[in-house]
Amino acid sequence: MSKKERTLRRKTTFHTRYFFRKYPALPYISKWLCISIIIGALVGSASAGFLQSLEWATHFRESHIWLIALLPLAGLLIGLLYYYFGKDVEAGNNLLIDNIHDPKEIIPFKMAPFVYLGTIATHLFGGSAGREGTAIQMAGAIADQLSKTFKLDKEERRILLISAIAAGFGSIFGTPLAGAVFGLEVFLIGRIRYNAIFPAFASAILANQVTNLWNVHHTHYHISIIPQPEFFPILYSILAGIAFGLCAAAFSRIIHWAGSLFKSKVQYPPLRPVIGGVIIALAVFAMGSTRYIGLGIPVILESFEKQLPLYDFALKMIFTIVTLSAGYKGGEVTPLFFIGATLGSALSLFIPLPFGLLAGMGFVAVFAGATNTPLACMLMGIELFGAESGVYVAIACVVSYLLSGHHSIYTKQKIGEAKNRRYESDQERSISDL
């Protein structure tokens, strides 16, 4: 190498080091933008395929109601699959949350196909479940395989899993901003990890864009009447928020109690969904209606259009608790949307606010209380219903979050900041340890 070439090389190295010293965030942004693009492409495509499969399963079941009689058999197959081949991924969302707190081995890729097959079978044969749990687990299992490729350390793996959760949630509901914040706040109650804020938002936005590129459409909701935020409407919103918070706490406590009951009474795990499937199938045929199984999107839309009876939310809660506590796969969030929206619509019998607005408030507020993610739910309400509903949605979410106490559908959530000074001793403990 000539003297001129050595001088040129030294100058180039100097300018490069100076540039990165002046803009120290650039290596971080470049690295995580690259990773986020990959996460967005993979998770967005997976969510698109999953949504299409769910739509097919729902339509096929509604056209062949006799399939519900086979729900116990489907439950047996799901139980056998997880008992003999999937014990290490059976914890689902809690496994992802646990790995954010304490990263261990790479999450097995088989979690993605297992939860996909289990959820499609659950919906095809008539269980009452959601979709967010599946989307998040698929996203986590897919994204965590990148840990070895990019040689990520423990802290970087935490950021990767947060980004995956954000991408899965944002793309499955078409709410990228809510998805990003959900990933940032779901694992630690009362705190947010700002070191993951860029990857979480980038992954959620890109995954949602990819899902849209696959021409997959999300459900749209409309609140026709939104009053001005004055004293009495705000007071009524607080009262509604209290009802939503109590409902969220009840759902969280009962579903864990029911899961423990199935485990204590039925020692062989594959038989638990069989028993749950028999209960669900008999109830559906006795009622002569499929109103309370599956995702329940038509009923959610109905809650925005007219006042619904009080028993709708209670029946959906029962069907969902039996389905999921017995061992069927899917998520709790879309059923929580159903429960919250129908409860809100019914509350218009007593609370003088438009039933559509109450349905929208309940839609996100029960979810906020059951998952301890009020900020994500506020953003979700604004993304789904428009900024005009923001004040009412925020009030309902905050009150529900506070009233639900230290309960959650995710037992591996840790308490970063106690909701009340009386419970400061709970900080840094998992929900399962309380």
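As a basis for the values below, the full set of heavy atoms in this structure was taken, side chains included, without hydrogen atoms, waters or symmetry mates.
- For the pair Ile159 and Asn195, the tightest heavy-atom approach, listed with the atom from each and the gap, is CD1-O, 3.8 Å.
- Remark: the backbone N or O of Val266 is paired with a side-chain donor or acceptor of Arg272 at under 3.5 angstrom.
- Shown here is Lys110, whose NZ atom has more than 12 heavy atoms of other residues, nucleotides or ligands within 6.0 Å.
- Side chain of Ser345 to main chain of Ala341: no donor-acceptor pair is present (N/O by atom type, distance under 3.5 Å, no hydrogens or angles).
- Checking Ser128 against Thr320 by side-chain atom types alone, a donor-acceptor pair falls below 3.5 Å.
- The line from CD1 of Ile68 to CD of Glu62 is 7.0 Å long, rounded to the nearest 0.5 Å.
- Listed by first and then second residue, the salt bridge (Lys or Arg N to Asp or Glu O under 4.0 Å) pairs involving residues 155-174 are Lys31-Glu156, Asp144-Arg157, Glu155-Arg158, Glu155-Arg193 (not counting sequence neighbours).
- Shortest non-hydrogen contact noted between Gly296 and Phe338 is O-CD1, 3.5 Å.
- With hydrogens and angles disregarded, no donor-acceptor distance shorter than 3.5 Å links the side chain of Ser203 to the backbone of Ala164.
- With sequence neighbours excluded, the residues forming a side-chain hydrogen bond (donor to acceptor under 3.5 Å, both in side chains) with Trp214 are Ser45, listed by chain and number.
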Legend entry - side chain to side chain contact (heavy atoms under 4.5 Å, CB included) between Phe182 and Thr175, intermediate numbers included: CA-CA 10 Å; Phe182 181 82; Thr175 55; over 6 Å; no

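- The aromatic ring centres of Tyr328 and Phe125 sit 6.0 Å or more apart.
- A distance of 9.5 Å separates CD1 in Ile280 from CD1 in Ile318, rounded to the nearest 0.5 Å.
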Legend entry - Residues Leu152, Leu146; criterion side chain to side chain contact (heavy atoms under 4.5 Å, CB included); working and verdict: CA-CA 8 Å; Leu152 303 182; Leu146 300 175; 5.6 Å; no

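- Considering every non-hydrogen atom in both Cys247 and Met317, the closest pair reads SG-CE, 3.6 Å.
- Residues Leu160 and Phe150 form no side-chain contact, since every pair of their non-hydrogen atoms from C-beta on lies 4.5 Å or further apart.
- Between Tyr116 and Ser53 there is a side-chain heavy-atom pair separated by less than 4.5 Å.
- Contact check for Thr119 versus Phe50: side-chain heavy atoms found under the 4.5 Å cut-off.
- Side-chain atoms of His123 come within 3.5 Å of backbone atoms of Gly130 as a donor-acceptor pair (strictly under, hydrogens ignored).
- A donor-acceptor pair is defined here as one N or O able to donate and one able to accept, closer than 3.5 Å; no such pair exists between the side chain of Gln137 and the backbone of Val115.
- By the neighbour-count criterion of 12 heavy atoms within 6.0 Å, atom OH of Tyr268 is densely surrounded, having more than that number from other residues, nucleotides or ligands.
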Legend entry - Stepwise side chain to side chain contact (heavy atoms under 4.5 Å, CB included) check, Val181 with Phe201: CA-CA 8 Å; Val181 177; Phe201 274 91; 3.9 Å; yes

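- With rounding to the nearest 0.5 angstrom, the CG atom of Asp102 is 14.0 Å from the CD1 atom of Ile97.
- Of the possible polar contacts, one joining the Ser303 side chain to the Ile300 backbone as a donor-acceptor pair under 3.5 Å is found.
- When all heavy atoms of Gly179 and Phe169 are compared, the closest pair comes out as CA-CD2, 3.5 Å.
- Atom CZ of Arg191 sits in a crowded spot, with more than 12 heavy atoms from other residues, nucleotides or ligands closer than 6.0 Å.
- The distance from the CG atom of Leu95 to the CG atom of Asn99 is 5.0 Å, given to the nearest 0.5 Å.
- Under the 30°/60° scheme for interplanar angles, the aromatic rings of Trp56 and Phe60 are found to lie parallel.
- In this view, Ser408 and Gln413 satisfy the side-chain hydrogen bond (donor to acceptor under 3.5 Å, both in side chains) rule, not counting sequence neighbours.
- Using a 4.5 Å cut-off on side-chain heavy atoms (C-beta onward), His101 and Leu188 make contact.
- Within 6.0 Å of CZ in Phe85 there are 12 or fewer heavy atoms belonging to other residues, nucleotides or ligands.
- Counting non-hydrogen atoms of neighbouring residues, nucleotides and ligands closer than 6.0 angstrom, the NZ atom of Lys148 reaches no more than 12 such neighbours.
- Counting non-hydrogen atoms of neighbouring residues, nucleotides and ligands closer than 6.0 angstrom, the CD atom of Glu417 exceeds 12 such neighbours.
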Inset, instruction - Assess whether side chain to side chain contact (heavy atoms under 4.5 Å, CB included) is satisfied between Leu51 and Arg131, documenting all intermediate values. - result: CA-CA 8 Å; Leu51 286 170; Arg131 53 194 173 184; 3.9 Å; yes

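- Within the 4.5 Å cutoff, the side chain of Asn93 has no heavy atoms near those of the Ile409 side chain.
- Within the 3.5 Å criterion, the main-chain N or O of Ile107 finds a donor-acceptor partner in the side chain of Gln145.
- Shown here for Phe319 and Ala283, the closest heavy-atom pair between the two residues is CZ-CB, 3.7 Å.
- Between Glu90 and Phe114 there is no side-chain heavy-atom pair separated by less than 4.5 Å.
- A donor-acceptor pair under 3.5 Å is absent between the side-chain atoms of Asn372 and the main chain of Tyr401, judged by distance alone.
- Residue Gly44 comes nearest to Val210 through the heavy atom pair C-CG1, 3.8 Å, listed as atom of the first residue, atom of the second, then distance.
- In this structure, the separation between CG on Leu124 and CZ on Arg61 is 8.0 Å, given to the nearest 0.5 Å.
- The side chain to side chain contact (heavy atoms under 4.5 Å, CB included) with Tyr410 is formed by just one residue from the set Thr373, Leu96, Thr371, Asp98; it is Thr371.
- In this structure the side chain of Lys419 reaches within 4.5 angstrom of the side chain of Ser404, judged on heavy atoms.
- Ring centroid separation for the pair Phe385 and Phe304 comes in under the 6.0 Å cut-off.
- Contact of the His218 side chain with the Asn212 side chain is registered, since non-hydrogen atoms from C-beta on lie closer than 4.5 Å.
- Summarising the geometry, atom CD1 belonging to Ile136 is positioned 12.0 Å from atom CG belonging to Leu161; distances are rounded to the nearest 0.5 Å.
- Looking at Ser389, its side chain does come within 3.5 Å of a backbone N or O of Gly386 through a donor-acceptor pair.
- For Phe367 and Phe363, the gap between ring centers reaches or exceeds 6.0 Å.
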